Asker: 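Could you have a look at this structure, given as structure tokens, before my questions?
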Amino acid sequence: MRAGILAFVAGLAVASLAFAADDPAPQPSPFPVQRGTAPPPPADTVSHAAPPEGVGAGGIDFGQWRSAAPREYEQGFARQIAQRLAGKGRAAVKADLEANGFACEDAARLDCRIEISERQCGFDWYVVLEQNAAAPVVGFEESCRAVDRPR
């Protein structure tokens, strides 16, 4: 039995050598190695302060967001923001949201967010105004690890 196993292993070794002899010279990789040339990630300069519970300094009522059911909270927050921003121009929307703690990027669209981590959960308030859109897209998302969910 042992002799059979040794013969099998020896056969595999001979076969691999035969295949290696038939292989042409290895080709260079099409992906050149350039270690250390990627730029570092951008420094995070946006403050990630949690919004207040209740009315903030800029007038938006964030409500009791820490204890609210996310789906119901999002609906009420979206109604409030839609009413607050109705009829305002892009620059006024941006100024209003930034006064309430949102960080805004104004490129192809106006994208304003508050993103924080608290109690091992992520919270994201966002207001997005697309070009030529009648109303902003408003939302609130909470994501927690299932085992750590505080409620």
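In this text, all values refer to a predicted model and were calculated from it rather than measured experimentally.
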Asker: Work out which heavy atom in Pro136 is nearest to a heavy atom in Val127; give both atom names and the distance.
Answerer: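 Looking at all heavy atoms of both residues, the shortest contact is CB-CG1, 3.8 Å.
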Asker: With the side chain counted from C-beta on, respond yes when Leu85 and Asp96 share a heavy-atom pair under 4.5 Å apart, and no when they do not.
Answerer: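 In contact.
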Asker: Hey, does Ile116 have a side-chain heavy atom less than 4.5 Å from the side chain of Trp125?
Answerer: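 Yes, close enough: below the 4.5 Å cut-off.
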Asker: Could you check, using the six-membered ring where one of them is a Trp, whether Phe123 and Trp65 have ring centers closer than 6.0 angstrom?
Answerer: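 Yes; Trp65 has its ring centre under 6.0 Å from that of Phe123.
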Asker: Roughly how far, to the nearest 0.5 Å, is CD of Gln120 from SG of Cys144?
Answerer: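 The CD atom of Gln120 is 9.0 Å from SG of Cys144, to the nearest 0.5 Å.
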Asker: Considering non-hydrogen atoms only, spot the tightest contact between Asp61 and Gly54 and give its length.
Answerer: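 Nearest heavy atoms, Asp61 then Gly54: OD1-C, 3.2 Å.
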Asker: Find out whether Leu110 and Cys104 are in side-chain contact, i.e. whether some heavy atom of one side chain is under 4.5 Å from a heavy atom of the other.
Answerer: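 A side-chain contact exists here, since the closest heavy-atom pair is under 4.5 Å.
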Asker: Which atoms form the tightest heavy-atom contact between Phe62 and Pro52, and what is the distance?
Answerer: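 Of all heavy-atom pairs spanning Phe62 and Pro52, the closest is CB-O, 3.2 Å.
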Asker: Gln131 versus Arg90: any side-chain heavy-atom pair under 4.5 Å?
Answerer: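 Answer yes - side chains close enough.
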Asker: Mind checking the NZ-CG spacing from Lys88 to Leu97? Nearest 0.5 Å is all I need.
Answerer: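 Output value for this atom pair is 8.0 Å.
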Asker: Side chains of Tyr126 and Ile114, heavy atoms from C-beta outward: is any pair under 4.5 Å?
Answerer: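 Heavy-atom side-chain distance check fails, nothing below 4.5 Å.
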Asker: Are Val128 and Arg109 close enough that some pair of their side-chain heavy atoms sits under 4.5 Å apart?
Answerer: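 A side-chain contact under 4.5 Å exists here.
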Asker: What distance do Asp124 atom CG and Ser143 atom OG have between them, rounded to the nearest 0.5 Å?
Answerer: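 Rounded to the nearest 0.5 Å, the CG-OG separation comes to 8.5 Å.
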Asker: Please confirm whether the backbone N or O of Gly59 pairs with a side-chain atom of Asn100, one donor and one acceptor, at under 3.5 Å?
Answerer: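 Judged by distance alone, yes, a pair lies under 3.5 Å.
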Asker: Please examine the side chains of Glu53 and Arg66, heavy atoms only from C-beta on, and report whether any two atoms are closer than 4.5 Å.
Answerer: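 Yes; the side chains approach each other to less than 4.5 Å.
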Asker: Find the distance between CD (Glu74) and CD1 (Ile81) and round it off to the nearest 0.5 Å.
Answerer: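 One gets 12.0 Å once the value is rounded to the nearest 0.5 Å.
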Asker: Answer yes if the ring centres of Phe140 and Phe77 are under 6.0 angstrom apart, and no otherwise.
Answerer: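 No, ring centres 6.0 Å or more apart.
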Asker: Between Arg113 and Glu105 (salt bridge meaning N to carboxylate O under 4.0 Å), is one present in this structure?
Answerer: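 Salt bridge between Arg113 and Glu105, a charged N being under 4.0 Å from a carboxylate O: no.
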Asker: Evaluate the side-chain proximity of Tyr73 to Gln64: yes if any heavy-atom separation is below 4.5 Å, no if none is.
Answerer: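 Sidechains of Tyr73 and Gln64: no contact.
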